[in-house]
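Reviewing the structure listed below.
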Amino acid sequence: MQTKYKTLAKNTIWLVLGGSATKLVTVFMLPFYTHWLSVADFGTTDMITVYATLLTSVATLCIAEAMFIFPKNTDIIKQKKYYSSGLFFTLCILGILALIFHGVKVFVIYRSIDNIFISYCWYIYGLIFTQFLQLITQQFVLALGAIRVYSFTSFVYVISLAIYSFIFISKYKVDGYVISMIAANITATLYAFICSKLFKYIEITKISWKTYRELTKYSIPLIPNSIMWWLVASFNRPMIETSLGLEAVGLFAIASRFPSVVTMVFQFFSQSWTISVFEEYNKSEFNIFFNKIMKSSVLILSIVASLLSITSRELLQLITTPNYYSSFKYIPLLALGAIFNAIAAMIGSIFGVNKESKYFFYSSIYGAITSIVLNYFLIPLIGIWGATLSFALSFMAIMISRVIYSKKYISFDSLHFYLLMLFMYLLLSIEVVFIDNLLFNMSIYFLLLIILLSLNKQNRIIGVNFCNVIKMILWNKIIKKF
């Protein structure tokens, strides 16, 4: 195996270790969340998270995104400048944001305005503040090459989130949910900060406005991109709340948790993929390397998403309460959107290595416009189905636009391979929604999988390697115990 593939595999293993543990704990906690929180309460927590995610990017000028790009492969003096400057000036901005929040709170109380944002104003601020600290710390740790610490930080986050959830949510409901997230963010940040000895990179004398401007020159163009991304992934929540109520938000949120496993697990591979792109980009065989990894990733993501869709009924019945069962039918389309999102993220690494952040924005505009238009018309017309369809098509618009923009840097091959996988997945998704028979659905799944793997040699190699990994895991974790 060539060095570049070994490096990608090594980085991915460490990142997936933390990521898989994160997702397992997240899924493990769903029965408790759905037991402690009503559907409307779950919708409320989702709305709070949605607002906090948007405002974190805007208020911090997306500086955490630049904290991986610029310090990587530089000397310790520059790393100190980047970290100290980025942290100091962003904390100043967050101090100003606190004053703005206070002013808004006073104003709306005077005008007798009440909504979820106002009711949970300071909780949202707490999430913004602590999410920023966790993001900038983890990104800087990754830039330093401390992949193990980066990976275990995610593990620390979910374990602490689970512990805090048991302490707070059963008693304080929605308030407890947000408090748990804030406390988990702080715990994970402290872990990464201490284990990587980041205190060595904070020096008052290294704080530089010029350095901060260098960071923001890259990060500020990402703000509109972040807003556009929010419009694609989360604009549907306020629209659902307005048209259908908080219970519908709760159903959509619980359905979104399952495909988000595909997206979030991929994000850990995405980090190692980005590292490999930076290291391999200018080498002669980069185009071959890129296409091989792209096809392998899309195939594996499709296999996982299809399996998730097929078992969605049974999973919901296993880990949620009856009030949430009806959300199974939205999972296949949401999973498809997650695949499009993952492909777009892989292509986006090309823009990152060329420091062309404008293409993130351009591609997100198409997704945002698609999201706004489709959500506006489809949610009142077909309810949650409208939000689900809009989600998938919006990410497809982003993916297609990024493919077009990236052609000046990379060439794609085997377009028919991707189209065939898309067709097979859609066929399987339609069948899953209308046929309530797990055995029949699994039979169709394996039939389509055999057809797909038999099309060419690379597909068969990917399939065999994937099965070997699963067999090894089962042998080491289960069979050997007996």
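Along the sequence shown, residues are numbered consecutively beginning with 1.
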Next item on the list: With Thr60 as reference, evaluate Leu135, Ile136, Thr90, Leu55 under the side chain to side chain contact (heavy atoms under 4.5 Å, CB included) test and give the passing residue.
Entry: Thr90

Notebook entry, point to check: Counting only heavy atoms not in Tyr366, do more than 12 sit closer than 6.0 Å to its OH atom?
Noted result: no

Margin query: Please find the pair of heavy atoms, one from Pro71 and one from Ala66, that lie closest to each other, and give the distance.
Written below: CD-O, 3.7 Å

Notebook entry, point to check: Are the side chains of Ser327 and Leu316 in touch, meaning some heavy atoms are under 4.5 Å apart?
Noted result: yes

Next item on the list: Report the distance from atom CD1 of Ile343 to atom CE of Met399, rounding to the nearest 0.5 Å.
Entry: 5.0 Å

Note to self: Centre-to-centre under 6.0 Å for Phe395 and Phe340, is that the case here?
What the structure shows: no

Next item on the list: Indicate the ring-plane relationship of Phe193 and Tyr83, choosing parallel, tilted or perpendicular according to the 30° and 60° boundaries.
Entry: tilted

Margin query: How long is the straight-line distance from NZ of Lys206 back to CD1 of Ile76, given to the nearest 0.5 Å?
Written below: 9.5 Å

Next item on the list: Indicate yes or no for a side-chain donor-acceptor contact from Ser349 to the backbone of Met346 under 3.5 Å, with no hydrogens or angles considered.
Entry: yes

Next item on the list: On the 0 to 90° scale, with breaks at 30° and 60°, tag the Trp209-Tyr212 ring pair as parallel, tilted or perpendicular.
Entry: tilted

Next item on the list: Step through the shown structure and confirm whether more than 12 heavy atoms of other residues, nucleotides or ligands are within 6.0 Å of CD1 on Ile204.
Entry: no

Margin query: Between Thr56 and Gln131, is there a side-chain donor-acceptor contact under 3.5 Å, judged purely by atom types and distance?
Written below: yes

Margin query: Between Thr49 and Asp46, is there a side-chain donor-acceptor contact under 3.5 Å, judged purely by atom types and distance?
Written below: no

Next item on the list: Could you grab the distance from atom CD1 of Ile365 to atom CE of Met228, nearest 0.5 Å is fine?
Entry: 6.5 Å

Margin query: Within this structure, what is the CE-OG1 distance for the pair Met181 and Thr45, rounded to the nearest 0.5 Å?
Written below: 8.5 Å

Notebook entry, point to check: What orientation do Tyr359 and Phe351 show, parallel under 30°, tilted 30 to 60°, or perpendicular over 60°?
Noted result: tilted

Item checked: Pair Ser394-Thr370, side-chain donor/acceptor within less than 3.5 Å -> no

Notebook entry, point to check: Could you state the interatomic distance from CD (Glu203) to OG (Ser84), rounded to the nearest 0.5 Å?
Noted result: 6.5 Å

Notebook entry, point to check: When the aromatic ring centroids of Tyr191 and Phe152 are compared, is their separation below 6.0 Å?
Noted result: no

Checklist line | Student check: side-chain heavy atoms of Ile69 and Leu215 closer than 4.5 Å | finding: no

Notebook entry, point to check: What's the shortest heavy-atom distance between Leu301 and Ala342, and which atoms?
Noted result: CD1-CB, 3.5 Å

Next item on the list: Assign the ring pair Phe391 / Phe252 to parallel, tilted or perpendicular, where the plane angle (0 to 90°) is split at 30° and 60°.
Entry: perpendicular

Margin query: I'd like to check Ile63 versus Phe132 (side-chain heavy atoms, cut-off strictly below 4.5 Å). Are they in contact?
Written below: yes

Check: Which atoms form the tightest heavy-atom contact between Ser363 and Phe360, and what is the distance?
Finding: OG-O, 3.1 Å

Notebook entry, point to check: What's the shortest heavy-atom distance between Ile223 and Ser57, and which atoms?
Noted result: CG1-O, 4.2 Å

Note to self: Rounded to the nearest 0.5 Å, what separates atom CH2 in Trp122 from atom CZ in Phe101?
What the structure shows: 7.5 Å

Item checked: Aromatic ring pairing Phe168/Tyr172, orientation class (parallel under 30°, perpendicular over 60°, tilted between) -> tilted

Next item on the list: Specify whether Phe42 and Tyr177 have parallel, tilted or perpendicular ring planes, treating 30° as the upper limit for parallel and 60° as the lower limit for perpendicular.
Entry: perpendicular

Item checked: Ser302 side chain near Ile339 side chain, heavy-atom distance below 4.5 Å -> yes

Margin query: With ring pair (Phe, Tyr, Trp, His ring centres under 6.0 Å) as the criterion, how do Phe68 and Phe140 come out once you've worked through the C-alpha distance, each side chain's angles and the decisive distance to 0.1 Å?
Written below: CA-CA 6 Å; Phe68 168 74; Phe140 187 64; over 10 Å; no

Notebook entry, point to check: Under a 4.5 Å cut-off applied to non-hydrogen side-chain atoms, are Ile186 and Leu133 in contact?
Noted result: no

Check: Do Tyr33 and Thr320 meet the criterion of a side-chain donor-acceptor pair at a distance under 3.5 Å?
Finding: no

Check: Mind checking whether Leu30 and Ile254 have side chains closer than 4.5 Å, heavy atoms only?
Finding: yes

